[in-house]
Structures are given as structure tokens and as C-alpha cells.
Undergrad: 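Below is a structure I'd like to ask you about.
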Amino acid sequence: MFAQEYRTANPKASLQTVKLYNNLFRILPQGILFGHQDDLAYGLGWEYIPGKSCVQDAVGEYPAMYGWELGDLELDANYNLDSVPFQKMKTFIREGYERGGVITISWHANNPVTGKNAWDISGNAVSAIIPGGSMHDKYKNWLDKIAGFLSDLKTPGGEFIPVIFRPFHELTGNWFWWCQNVCTPEEYKSLWKFTFDYLTKIKQLNHLLFAYNPEKFENEAQFLQYYPGDDYVDIMSFDFYQYGDPSNNSDFETTLDKRLSILTKLSKERKKLPALAETGFMNIPYPEWFTKKLMKGIGNHAISYVHLWRDGGLVNGTGQYRFAPSQDHFIPVGRDPAFMDFYKLYISDKFIFGNKVQQLNLYK
Ligand code: BMA
């Protein structure tokens, strides 16, 4: 039996999932896994080119973590809300896993009450879908579809590919129907616990690690206000983006450092894995952002991974950029003024990319 020093929230987690979780703790002193959303699917000026990757285009190595997004799957769509076909996504997930990488999945679910998207905060949606709510059955049906996708994620040998599942993120913001301005802590916790129990007990999915993921918070109490409890969470994380002009202030790195101090203290006390689940500076207009802001803010905090958000790209052969007319991106490529600075991050030895993650054998 594998020595399970760190217990997964799901006591029935598969052996590979337990190994991944414990290995992620073990390698904390070795560096931070570098992740990127939709990395294999598209980038500026390309989409769905076999083997191609935004991070590899930049530095010559794949990322160590691959993020994917399930929004619109609950509507039986063939493409997610960012127009990535779910069938292709499954292939990309298998490829990332085969390269020894870690898979994380988010879910910008549509508003179940209004039928509008995740950013529609009307309708008291959380109270409607939790147990006892008028739309609870509809939510169960949505989870059946999520479970269907997740249960297709298997290795060629038939084992389930472990996934860090990160639903209902940025709850301390005010822009999603599950955010703190439109649901109480009790409602949010009920939604989380129901989701956890339904996926693990009813659907018997044992290859998931659950990531709790607020956005802003200033102290431990705020971080924990919507926390569903140690029995329902494996990873403690938050999202934090750079906005504005950072050249004449130290706001980003100071706040990042402060929040990472809170996060790493709490996660250590509770034996959870700490991570920066989303970050970036759209188009990196401050070319030294990676070293002077991101790395400065991270400092010596031992966190498991840092995940950069998605680059733009062409939408399904239309010749349109995904963020038309802009060419928005978070990973610098080619002649981007921020490229050299990103390369400094790459060679800094603080981060783990695709080659090292393969050697680390996180699933063994
Ligand atoms: C957001 C933006 C959106 C996208 C969503 C889900 O942060 O990138 O354009 O639809 O994530 O991936």
C-alpha cells in the first residue's frame, strides 16, 4: 500500500490520484509547476495543430500543467464556451497526462435559472439548485453530463486520469452566479458539498481532487468564509490577475505576497495543497512583469502550481481571432517585448515545465 501521508478528501480516491496528491506535496521544495489554460488547443494565429503548444512555442518545453474548461457541456454542446470541441479536449487531456503533466478543469457553468451565461448573477441560482431548491433536479442532470465527460478520461491502459476539479471559482468576486454577493456562505457550502458527494458517491468518480478557489481576500477569515470544510477540499488556491500599469507601484507583488502568506499558512495547518490557480497580465504591457511582479510576489512561498490563463487564437477556421479584434495573450511568443523576461522565468529553476514533470513521475 502506498504510504498516504496526505489524505485526499475523497477516501475512495484511486491509487493514481492518491499518488499524484502525495507527490505534489513531496515536490513542493523542488519548484512550482507551470500551467497554461487551453495550451494545446490554440494560440495567436493557430488552432488544433497536433503537438503544438503555446508554452512550447515560447520556451521549447511543454507546460507541466494543462487547464481545460467545461462551460456549455451542461447544455449538451459539442464545443465549450470558448469554442474548444469537447472531443478534442479529451484527446489533449490524454496527451498532457502521457507527458507526465497535471490536468486541471474549471467549469463556467451557465446560470441554471436564467439560462444566460456564468456572468449573469440574477435569479438566486445557488439557492435554486442546492438540495431542496426548485431546480435541484436540473442541477443533478448537469452533473450527470459533467460526470460523463470526466469518466471518459482514461489512459490507454484503462485507468482514470486524475483531474484537479475547480468548480465555482472566484466566489469572493461579484461576477458569477455563485459569488458572495448573490449567495450566502451556507448556500455555497451546500452547493459544494452536494457537488462533491454527487460526483464521488453517486457517480463514483474517484479520480478527482477538489480545488477551493476564491479571488480576493484580505485575511484568513475572508479566505475561509465560504470554505466548505477540510473533508471536501484537497487544494486551497486563489486567482489573482495584474491590471493597470504596474510600473510605478508595487501593488501586485505586495498583495500576492500577502495572500500567499495567508494561503500557505492555512494550507499547512490543514494539510492541503496550496496553489495560484489563475494569474496573468493580459498582453503583458509591462515587459518585466514575469520577474519583477509575478516572481517577486511569489518569492520563496512554496506553492504547488501557477496557472496562466488562455491565449487568443483563431475560432474554428473562421479566420477570426478568439478575442477579435485584439490578439490577447498571457504567454509571450516571438517578438513580444515580454519574451526575454518570460525566458528568465523559464531558466530560473523556480518553475517546473514539461521535461522535469515527466522525470518526476507524479503518478508513480
Ligand atoms: C475567462 C475569459 C473568458 C472565458 C472564460 C472561460 O476568464 O477568458 O473569455 O470564456 O474565462 O474559459
Side-chain angles (χ1 to χ4, degrees), residues 35-48 53-55 63 65-75 77-90 92-93 96 103-112 114-121 125 142 145-146 149-150 163-179 211 213-216 237-244 252 275-285 294 305-316 318 320-333:
H36 185 221
Q37 187 75 359
D38 285 355
D39 186 78
L40 304 174
Y42 56 83
L44 290 181
W46 64 274
E47 65 176 352
Y48 314 129
S53 138
C54 299
V55 170
M65 166 175 259
Y66 299 89
W68 302 100
E69 159 64 36
L70 296 185
D72 284 1
L73 182 69
E74 70 278 9
L75 308 180
N78 291 322
Y79 298 84
N80 81 352
L81 75 165
D82 303 324
S83 70
V84 179
F86 289 112
Q87 284 310 325
K88 280 195 166 48
M89 199 185 290
K90 289 177 190 170
F92 292 138
I93 288 172
I103 309 301
T104 180
I105 291 184
S106 52
W107 183 26
H108 289 72
N110 286 274
N111 184 315
T114 66
K116 294 182 184 162
N117 66 24
W119 291 266
D120 178 24
I121 60 170
W142 281 13
K145 295 172 192 180
I146 298 300
F149 179 94
L150 294 170
V163 167
I164 295 174
F165 187 50
R166 188 172 66 96
F168 309 125
H169 67 306
E170 300 182 355
L171 53 121
T172 57
N174 56 12
W175 43 84
F176 294 130
W177 56 259
W178 55 84
C179 282
N213 183 190
E215 202 248 5
K216 65 175 173 295
S237 64
F238 63 89
D239 291 358
F240 187 48
Y241 285 88
Q242 171 83 62
Y243 297 100
F252 180 86
L276 181 52
E278 278 183 40
T279 189
F281 189 14
M282 180 83 88
N283 297 330
I284 325 119
L294 181 62
Y305 54 86
V306 164
H307 190 69
L308 277 281
W309 207 239
R310 67 203 192 99
D311 287 8
L314 298 170
V315 182
N316 299 314
T318 59
Q320 299 266 319
Y321 281 104
R322 278 168 194 269
F323 303 111
S326 78
Q327 301 188 5
D328 290 344
H329 61 285
F330 289 95
I331 302 289
V333 283

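Start at 1 and go down the list; that is how both ligands and their atoms are numbered. Side-chain atoms are counted along with the backbone in the values below, which use heavy atoms only and exclude waters and symmetry mates.
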Undergrad: Which of the numbered atoms in ligand 1 are below 4.0 angstrom from a heavy atom of Glu69?
TA: 12 (O)
Undergrad: When only distance counts, is Glu278 in polar contact with ligand 1, meaning an N/O pair under 3.5 Å?
TA: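 N/O-N/O distance below 3.5 Å does not exist for this pair.
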Undergrad: Using a 4.0 Å heavy-atom cut-off, which part of Trp119 comes near ligand 1: side chain, backbone, both, or neither?
TA: side chain
Undergrad: Nearest heavy atom to atom 4 (C) of ligand 1 wins, so pick from Asn80, Asp82, Leu70.
TA: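 Among Asn80, Asp82, Leu70, the closest heavy atom to atom 4 (C) of ligand 1 belongs to Asp82.
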Undergrad: Looking only at non-hydrogen atoms, which of Tyr241, Phe330, Trp309 approaches atom 8 (O) of ligand 1 most closely?
TA: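 Ranked by closest heavy atom to atom 8 (O) of ligand 1, first place is Trp309.
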Undergrad: Can you tell me how the ring of Phe168 sits relative to the ring of Trp107, calling it parallel under 30°, perpendicular over 60° and tilted otherwise?
TA: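 Rings of Phe168 and Trp107: tilted, 30 to 60°.
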Undergrad: Evaluate the ring planes of Phe176 and His169, with Trp represented by its six-membered ring, and classify them as parallel (under 30°), tilted (30 to 60°) or perpendicular (over 60°).
TA: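 Rings of Phe176 and His169: tilted, 30 to 60°.
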Undergrad: Only one of Asp72, Asn117, Asp120 passes side chain to side chain donor-acceptor pair (under 3.5 Å) with Asn110; say which it is.
TA: Asp72
Undergrad: Over 60° means perpendicular and under 30° means parallel, so tell me whether Trp68 and Phe92 are parallel, tilted or perpendicular.
TA: parallel
Undergrad: Closer than 4.0 Å to some heavy atom of Leu81 - which atoms of ligand 1 meet that?
TA: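 Near Leu81, meaning under 4.0 Å from one of its heavy atoms, ligand 1 has 10 (O).
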Undergrad: Classify the side-chain pair His36/Asp311 by whether it contains a donor and acceptor separated by less than 3.5 Å.
TA: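 Yes, side-chain donor-acceptor contact under 3.5 Å.
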Undergrad: Where on Gln37 is there a heavy atom closer than 4.0 Å to ligand 1, on the side chain, on the backbone, on both, or on neither?
TA: neither
Undergrad: Are Glu69 and Arg310 close enough for a salt bridge, meaning some N to O gap below 4.0 Å?
TA: no
